[in-house]
Number of protein chains: 2
Amino acid sequence: MPSPSPIVNLRELRQSCADCALSQLCLPASIGGDDLERLDHVVKQRVPLERGAIVFHEGAHHPALFIVRSGSLKTYTTLPEGDVQILGFHIAGELVGLDGLAGNGFRCSAEALEHSSLCEVPFDALSAVAAKVPGLQHQLFRVMSREFGREQQHPVMMGRKQAMSRLAIFLRSLSERLQGLGHDPYQLSLSMSRQELANYLGLVIETVSRLFSRMQTLGVLKVDRRHVHILDPAALATLAEKPDED
Amino acid sequence: MPSPSPIVNLRELRQSCADCALSQLCLPASIGGDDLERLDHVVKQRVPLERGAIVFHEGAHHPALFIVRSGSLKTYTTLPEGDVQILGFHIAGELVGLDGLAGNGFRCSAEALEHSSLCEVPFDALSAVAAKVPGLQHQLFRVMSREFGREQQHPVMMGRKQAMSRLAIFLRSLSERLQGLGHDPYQLSLSMSRQELANYLGLVIETVSRLFSRMQTLGVLKVDRRHVHILDPAALATLAEKPDED
DNA sequence: CGGCCCATTGAGGTCTCTCAAGGCGTGTGG
DNA sequence: CCACACGCCTTGAGAGACCTCAATGGGCCG
């Protein structure tokens, strides 16, 4: 790793939970100053990840939570016959690794989709602190519950029989999450390939490609490679429910 | 509620976590005697539910965990346009309600598929006890993680493009869970209708019906209404990966 | 400039959905 | 006890959407 800018490194290392921009989304919300510092010692700031870097592998016994600070990840499992199923895409403020706490190792793998940074929280240490800080414990349950609810949206999307609906639902979901981070909800920079997106949606790559083209023709989107501009949110919402019935 | 058999009620009420047959699967595992009793006071034994009874409704602010003691439930969400997506079927020993802890109410509804009984654990009380009993807190995280991992299997199944694979995966999953309860893994008593199963699998009822027929013709299953006898587990496993390529 | 990867577009096939009719078991009432 | 109705499931025929296979286009990097 040939010397990245030391200034960047310093900023990464010095950043604490207290002044993290994600504190509202992350664990520390509603935790007092002293307790927050205690948590701070538990959190490892990981070196930035390059695209393709593996955060953890399926089966690894390394119970820890990971919070995406910047960039994005995908989680996926590998099926017996070798196929892959992508389980989720995760952007800043979202938790990854919840399935690795049960004592049987991770049930999926996580990989960076682009240059990303995360916080790592070893489960044992977190658990120990949580035992002493009721507020943290409560917050932790809440966050896990929130991620659980988010996870449930995946089958809802895959239950849609029309491919157009699936893509529309995905785009709306991503848009909404970006808005929660204070970004423009109508300018999407997809960090995943068409192949990865297709896999996530339960479709093949050609179908996804055709859907993007059709949405562009319909005037709903402006698509330029991985940049998607939502031109007509209302139409997108309609497509999410009923596919195109002109 | 016109007087049910008092004997039954008594048995229900007297049953404690200590002598519950599900203790290995449920929360109390690896918790000592005193602590276990403390937990016991938190757990509500609910009156048995009839088929169709609602355990909780989407949006309800009533944070609690529910453990299926006997029978089975389905969880589902209702989409804006009125369609339903079934998120899971839950049998004895499984947790329901994890998505209701985040403070925004439940994100799905839960309904009994047959005569069932459950334990209800109010979240606040559970959280309070967990704060004092580190072992329980740890176990609670583990159980939540386990359910999280289970949840992730749904999109894996729905990602399969061949309907035959989806049904085969479902049947194998159910078989495995029944085996974990000490039941015959090859005798399945489906508590859900074809309609509900089709919805869960992301298919239509006719397709599911045809799949059962075909599996029976192939000699993999013996199907009699909602009773399914797995005749050839190996063949079922093959179907779960690659659909029929005779 | 050439090779490579990713994405797009086209043509054809097939699996699942849609629409429709018919069985089967259950429960109700005569 | 039988007739009938009802819900649930099965089976059939046809249509449509997505998948498969194949070729082309367009950045990106050496």
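Keep in mind that what you see is a predicted model, and the values were worked out from it rather than measured.
B:Arg172 places no side-chain N or O within donor-acceptor distance of the main-chain N or O of B:Ala240, the cut-off being under 3.5 Å. Between the side chain of B:Glu147 and the backbone N or O of B:Met144 there is no donor-acceptor pair closer than 3.5 Å.
Residues B:Glu114 and B:Ser72 bring a donor and an acceptor atom of their side chains to less than 3.5 Å of each other. Remark: the B:His229 side chain and the B:Gln216 side chain contain no N/O donor-acceptor pair separated by less than 3.5 Å. A:His57 and A:Glu111 share no donor-acceptor pair across their side chains, judged by distance under 3.5 Å alone.
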Nucleotide by nucleotide, nucleotides 12-25 of chain D touches protein heavy atoms under 4.0 Å in the pattern (B base, S sugar-phosphate only, - none) BB----SSBBB---

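Near DNA chain C, meaning a heavy atom under 4.0 Å away, the residues from residues 219-232 of chain B are B:Arg225.
When side chains are defined from C-beta on, A:Leu87 does not count as touching A:Lys74, because their heavy atoms never get closer than 4.5 Å. Contact annotation: the side chain of A:Leu239 approaches that of A:Val220 to within less than 4.5 Å [non-hydrogen atoms, C-beta and beyond]. Residues B:Val156 and A:Leu79 meet the side-chain proximity criterion, which asks for heavy atoms closer than 4.5 Å. B:Val204 is listed as a side-chain neighbour of B:Thr207, based on a closest heavy-atom distance under 4.5 Å.
Read 5' to 3', the first and last nucleotides of DNA chain C with an atom closer than 4.0 Å to a heavy atom of chain A are C:dA7 to C:dC17.
Among the protein residues, A:Ser193 comes within range of the sugar-phosphate backbone only, with heavy atoms under 4.0 Å from sugar or phosphate atoms but none that close to a base.
An end-to-end axis angle of 30° holds for the helix from C:dC1-D:dG30 to C:dG30-D:dC1, taken from five base pairs per end and rounded to 10°.
Judged as a salt bridge (charged side-chain N to carboxylate O under 4.0 Å, His left out), and not counting sequence neighbours, B:Asp232 has no contacts. Under the side-chain contact (heavy atoms from CB on, under 4.5 Å) criterion, A:Ser145 pairs with B:Leu101, B:Ala102, sequence neighbours left out.
Salt-bridge formation is detected for the pair B:Glu81/A:Arg160: a Lys NZ or Arg NE/NH1/NH2 atom is positioned less than 4.0 Å from an Asp or Glu carboxylate oxygen.
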